Student: 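Take this structure first; my questions come after.
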Amino acid sequence: MYWNRRAALAVLLLSTLTTGTVFAQDKATLPPPTDRSPRAAVTLADYRYDDLMWENDKTAHRIYGHALEAAEPPSGSGIDSWGKKVVWPYMDRQLRTRDYHNDLGEGMDFYNVGQGRGAGGLGIWHDNKLWISRNYRSHRILKNGPDVAEFEVDYAPWPVDVDRKVWETRRFTLALGTHFTRMVSTLSSDRPDLLIVGIGIGKKVTGQGGDLTVDKATGLISWWGPDNPEHGRMAVALRVDPAMIVEVRRDADNHLVLLRVTPGKPFVYYSGSAWSRGQGGFTDRAAWDRHAAAEKVDFTAADR
């Protein structure tokens, strides 16, 4: 009996080390915060394959490190989004419990990125296919609160078909009071011709379905996810420079907005998310769309 219990617990613990769905289990206890003040924070989870997590008083996200590729092949460079109920940081405390797929009172992760782009990951669109990087290789934390969380990551060169390579440095900036992370991406290449970059929202990250709103004139792509009786809804939106848009389309995993990008020239886009049971109080699609459309954006990259 003791051996069976230990074996079962080991299986459950191993399952929570991945980004996929886990089986139902007894909930862990989330340690209380030492400070309940609103704060923007970025944390390197070196105890879990170098996940990088960032959050503020409204929203919470993570991306995956190179170490995860060996533990969970092929892993993925999409952006994870967590639901958040509280204004103070909670991701690090909950991730350390290994029980982050359950709501322990402050939020949860029920967003399944997989190989998709999640909440604003990107790739290169070529020959009707999205060519994507592996997980980030290096990082630099620039500001760790209290008002702003800011960091940079580098993505190693990846192939675009057989005759081109691309690599990227991206800066993430999340201030207090907003659902949107500002991203400045610099894509370099071994060829000088223009790139078509696809920025995506995962189609099946919280189940089948969801509603998409597209407004090319303002550069808004907004997704209102399907309702899960146990977890509620996730909402994601992208804001991009309308002058850069080529078209909006989809592939098997993502809704994509395609942008024309010059190698070596930084460009700006925004990615935001919200939870129907969390901060922001968004309970219908129209409210989320209005909020995303009203977000203040600045697509100038010269200061970055």
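Keep in mind the model is a prediction, meaning the values are calculated, not measured.
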Student: For Asp109, is there any backbone N or O sitting under 3.5 Å from a side-chain donor or acceptor partner on His101?
Tutor: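 Yes, the answer is positive, given that a donor and an acceptor are paired below the 3.5 Å cut-off.
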Student: Are Lys165 and Trp167 in a cation-pi setup, meaning NZ or CZ lies under 6.0 angstrom from the ring centre and within 45 degrees of the ring axis?
Tutor: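 Lys165 over Trp167 ring: no.
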Student: A cation-pi test, strictly: NZ or CZ of Arg137 under 6.0 Å from the centre of the six-membered ring of Tyr155 and no more than 45 degrees from its axis. Yes or no?
Tutor: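 Relative to the ring axis of Tyr155, which defines the angle, Arg137 lies outside at least one limit.
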Student: Give, for atom CZ of Arg290 and atom CZ of Arg285, the distance between the pair rounded to the nearest 0.5 Å.
Tutor: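 Atom-to-atom, Arg290:CZ and Arg285:CZ are 12.0 Å apart.
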Student: Evaluate Arg171 against Glu150 for side chain to side chain contact (heavy atoms under 4.5 Å, CB included), listing each step before the verdict.
Tutor: CA-CA 7 Å; Arg171 180 175 292 199; Glu150 187 168 59; 3.6 Å; yes
Student: Would Phe180 and His291 count as a side chain to side chain contact (heavy atoms under 4.5 Å, CB included) here? Give the steps.
Tutor: CA-CA 11 Å; Phe180 283 79; His291 181 85; 4.3 Å; yes
Student: Quick one: do Asp80 and Tyr64 satisfy side-chain hydrogen bond (donor to acceptor under 3.5 Å, both in side chains)? Show the steps, please.
Tutor: CA-CA 9 Å; Asp80 191 18; Tyr64 307 109; 3.2 Å; yes
Student: Between Leu220 and Ile199, is there shared hydrophobic-cluster membership here, with clusters defined by ILVMFWY side-chain heavy atoms closer than 4.5 Å?
Tutor: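 In one cluster with Leu220: Ile199, no.
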Student: When the aromatic ring centroids of His179 and Phe282 are compared, is their separation below 6.0 Å?
Tutor: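 Yes - the distance between ring centres of His179 and Phe282 falls below the 6.0 Å cut-off.
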Student: Is it the case that the side chain of Asn56 and the backbone of Thr178 share a donor-acceptor pair, with hydrogens and angles ignored and the cut-off at 3.5 Å?
Tutor: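 A pair under 3.5 Å: yes.
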Student: In the structure I gave you, are the side-chain heavy atoms of Glu55 and His61 within less than 4.5 Å of one another anywhere?
Tutor: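 No, every pair of side-chain atoms sits at 4.5 Å or beyond.
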Student: Do Ser273 and Thr59 have a side chain donor and acceptor closer than 3.5 Å?
Tutor: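 A pair is found: one side chain offers a donor N or O, the other an acceptor, under 3.5 Å apart.
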Student: Treating Ile, Leu, Val, Met, Phe, Trp and Tyr as nodes and any side-chain heavy-atom pair under 4.5 angstrom as an edge, say whether Val214 and Leu122 lie in one connected cluster.
Tutor: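 Linked within one cluster.
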Student: Between the main-chain N or O of Asp99 and the side-chain N or O of Thr97, is there a donor-acceptor pair closer than 3.5 Å?
Tutor: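 The answer is yes, because a donor-acceptor pair under 3.5 Å joins these two groups.
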Student: Are Leu212 and Val240 linked, directly or through other ILVMFWY residues, by side chains that come within less than 4.5 angstrom of each other?
Tutor: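 Yes; tracing contacts between hydrophobic side chains, which count when under 4.5 Å, links both residues.
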Student: Could you pull out the closest heavy-atom pair between Val184 and Pro266, with the gap in Å?
Tutor: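 Heavy atoms only, the tightest pair is CG1-CB, 3.9 Å.
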Student: Can you list every pair that meets salt bridge (charged side-chain N to carboxylate O under 4.0 Å, His left out) and has a residue in residues 184-210, with sequence neighbours left out?
Tutor: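 Residue pairs passing salt bridge (charged side-chain N to carboxylate O under 4.0 Å, His left out), neighbours aside: Asp163-Arg191, Arg164-Asp193, Arg191-Asp193.
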Student: Rounded to the nearest 0.5 Å, what separation is found between the CG atom of Asp284 and the CG atom of Asp211?
Tutor: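 Going from the CG atom of Asp284 to the CG atom of Asp211 covers 11.5 Å.
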Student: Any chance you could lay out the side chain to side chain contact (heavy atoms under 4.5 Å, CB included) test for Glu152 and Leu142, step after step, and finish with the verdict?
Tutor: CA-CA 7 Å; Glu152 285 184 342; Leu142 306 175; 3.9 Å; yes
Student: State whether Arg39 and Asp35 are salt-bridged, where the test is any N-O pair (Lys NZ or Arg NE/NH1/NH2 against Asp/Glu carboxylate O) under 4.0 Å.
Tutor: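 Looking at Arg39 and Asp35, the cut-off is not met.
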Student: Taking all atoms of both residues into account, what is the closest heavy-atom pair of Ser77 and Ser133, and its distance?
Tutor: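 So the two residues come closest at OG-O, 3.0 Å.
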Student: Carefully, step by step, assess Val257 and Ile245 under the rule side chain to side chain contact (heavy atoms under 4.5 Å, CB included).
Tutor: CA-CA 7 Å; Val257 56; Ile245 296 177; 4.1 Å; yes
Student: Would Glu168 and Ser185 count as having a side-chain donor-acceptor pair, cut-off 3.5 Å?
Tutor: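 Ser185 and Glu168 do have a side-chain donor-acceptor pair below 3.5 Å.
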Student: Is it true that Asp103 and Lys27 have a side-chain N and a carboxylate O under 4.0 angstrom from each other?
Tutor: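 Looking at Asp103 and Lys27, the cut-off is not met.
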Student: Tell me which one of Asn144, Thr173, Leu174 satisfies side chain to side chain contact (heavy atoms under 4.5 Å, CB included) with Trp54.
Tutor: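 Only one of Asn144, Thr173, Leu174 forms a side chain to side chain contact (heavy atoms under 4.5 Å, CB included) with Trp54, namely Leu174.
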Student: Might you point out which heavy atoms bring Arg260 and Leu194 nearest each other, and give the distance in Å?
Tutor: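 Taking every non-hydrogen atom into account, CD-CD1, 3.6 Å.
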Student: Tell me, do Lys216 and Val248 make a side-chain contact under 4.5 Å, heavy atoms counted?
Tutor: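 Counting from C-beta outward, Lys216 and Val248 do come under 4.5 Å.
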Student: Flag yes if more than 12 heavy atoms outside Arg250 fall under 6.0 Å of its CZ atom; otherwise flag no.
Tutor: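 No, because the 6.0 Å sphere around CZ of Arg250 holds 12 heavy atoms or fewer from other groups.
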Student: If you group Ile, Leu, Val, Met, Phe, Trp and Tyr by side-chain heavy-atom gaps below 4.5 Å, do Met183 and Met244 land in one group?
Tutor: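 As far as the 4.5 Å side-chain criterion goes, Met244 and Met183 are connected within one cluster.
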Student: With Val297, which residues qualify under side-chain contact (heavy atoms from CB on, under 4.5 Å), at least two apart?
Tutor: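 If we apply the side-chain contact (heavy atoms from CB on, under 4.5 Å) test to Val297, skipping adjacent residues, the hits are Arg239, Tyr270, Glu295, Phe299.
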Student: At their closest point, which heavy atom of Met234 faces which heavy atom of Trp223, and how far apart are they?
Tutor: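 Scanning both residues, the minimum pair turns out to be O-CZ3, 3.5 Å.
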Student: For the atom pair OH (Tyr111) and NE2 (His231), what is the distance rounded to the nearest 0.5 Å?
Tutor: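 One finds 14.5 Å between OH of Tyr111 and NE2 of His231.
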Student: Could you check, using the six-membered ring where one of them is a Trp, whether Phe151 and Phe172 have ring centers closer than 6.0 angstrom?
Tutor: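 Yes, close enough.
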Student: Taking the side chain as every heavy atom from C-beta outward, state whether Asp241 and Phe267 have any atom pair closer than 4.5 Å.
Tutor: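 SC-SC contact between Asp241 and Phe267 ruled out.
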Student: Are side-chain heavy atoms of Ile201 and Leu238 found at a separation under 4.5 Å?
Tutor: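 In contact.
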Student: Would you say Val148 and Tyr269 are hydrophobically clustered, going by side-chain heavy atoms of ILVMFWY under 4.5 Å?
Tutor: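 No; Tyr269 is not reachable from Val148 via cluster members.
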Student: Looking at Asp154 and Arg170, does any basic side-chain N land under 4.0 Å from a carboxylate oxygen?
Tutor: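 Arg170 and Asp154: not salt-bridged.
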Student: Would a distance-only check, ignoring hydrogens and angles, find a side-chain to backbone donor-acceptor pair under 3.5 Å from Asn135 to Gly65?
Tutor: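 Yes; at least one donor-acceptor contact below 3.5 Å.
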Student: How long is the span from the CG atom in Leu52 to the CZ atom in Arg62, to the nearest 0.5 Å?
Tutor: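 One gets 11.5 Å once the value is rounded to the nearest 0.5 Å.
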Student: Less than 4.5 Å apart, side chain to side chain, heavy atoms only: is that true for Asp298 and Arg182?
Tutor: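 They are in contact (side-chain heavy atoms under 4.5 Å apart), so the answer is yes.
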Student: Are a donor atom and an acceptor atom from the side chains of Thr186 and Thr169 found within less than 3.5 Å of each other?
Tutor: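 Result is no, nothing qualifies.
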Student: As an exercise, state the distance from NZ of Lys84 to CE of Met108, rounded to the nearest 0.5 Å.
Tutor: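 Going from the NZ atom of Lys84 to the CE atom of Met108 covers 15.5 Å.
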Student: Answer yes or no: is there an ion pair linking Arg93 with Glu106, defined by an N-O contact shorter than 4.0 Å?
Tutor: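 Here Arg93 pairs with Glu106 in a salt bridge, since their nearest N and O are under 4.0 Å apart.
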Student: Do the side chain of Arg96 and the main chain of Pro31 share a donor and acceptor less than 3.5 angstrom apart?
Tutor: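 Answer holds: no.
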Student: Taking the side chain as every heavy atom from C-beta outward, state whether Ile63 and Asp51 have any atom pair closer than 4.5 Å.
Tutor: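 Sidechains of Asp51 and Ile63: no contact.
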Student: Test His126 against Asp161 for side-chain hydrogen bond (donor to acceptor under 3.5 Å, both in side chains), laying out the working first.
Tutor: CA-CA 8 Å; His126 175 74; Asp161 209 340; 3.3 Å; yes
Student: Identify the two heavy atoms, one from Asp253 and one from Gly116, that lie closest to each other, and give their separation to 0.1 Å.
Tutor: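 Distance-wise, the nearest heavy atoms are CB-CA, 4.1 Å.
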Student: Assert yes or no for the condition that the ring centre distance of Tyr100 to Trp82 is strictly below 6.0 Å.
Tutor: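 Yes, the ring of Tyr100 comes within the 6.0 Å limit of the ring of Trp82, centre to centre.
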Student: May I ask you to decide if the ring planes of Tyr136 and His139 are parallel, tilted or perpendicular, using 30° and 60° as cut-offs?
Tutor: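 Tyr136 vs His139 ring planes: perpendicular.
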Student: If I compare all heavy atoms of Ala274 with all of Trp288, which pair ends up nearest, and what's the gap?
Tutor: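 It is CB-CZ3, 3.7 Å.
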Student: Linking Ile, Leu, Val, Met, Phe, Trp and Tyr by side-chain heavy atoms under 4.5 Å, what else ends up with Leu130?
Tutor: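 Hydrophobic cluster check, Leu130: joined to Trp125, Ile132, Ile196, Val246, Leu256, Leu258.
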Student: Between atom CE of Met53 and atom CE of Met91, what is the distance when rounded to the nearest 0.5 Å?
Tutor: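 Atom-to-atom, Met53:CE and Met91:CE are 5.5 Å apart.
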Student: Does a donor on one side chain sit under 3.5 Å from an acceptor on the other, for Ser222 and Asp289?
Tutor: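 Side chains of Ser222 and Asp289: pair found under 3.5 Å.
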Student: How about Leu68 and Asp50: do any of their side-chain heavy atoms sit closer than 4.5 Å?
Tutor: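 No, too far: nothing below the 4.5 Å cut-off.
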Student: Any side-chain heavy-atom pair from Leu195 and Pro263 closer than 4.5 angstrom?
Tutor: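 Contact flag for Leu195/Pro263 side chains = yes.
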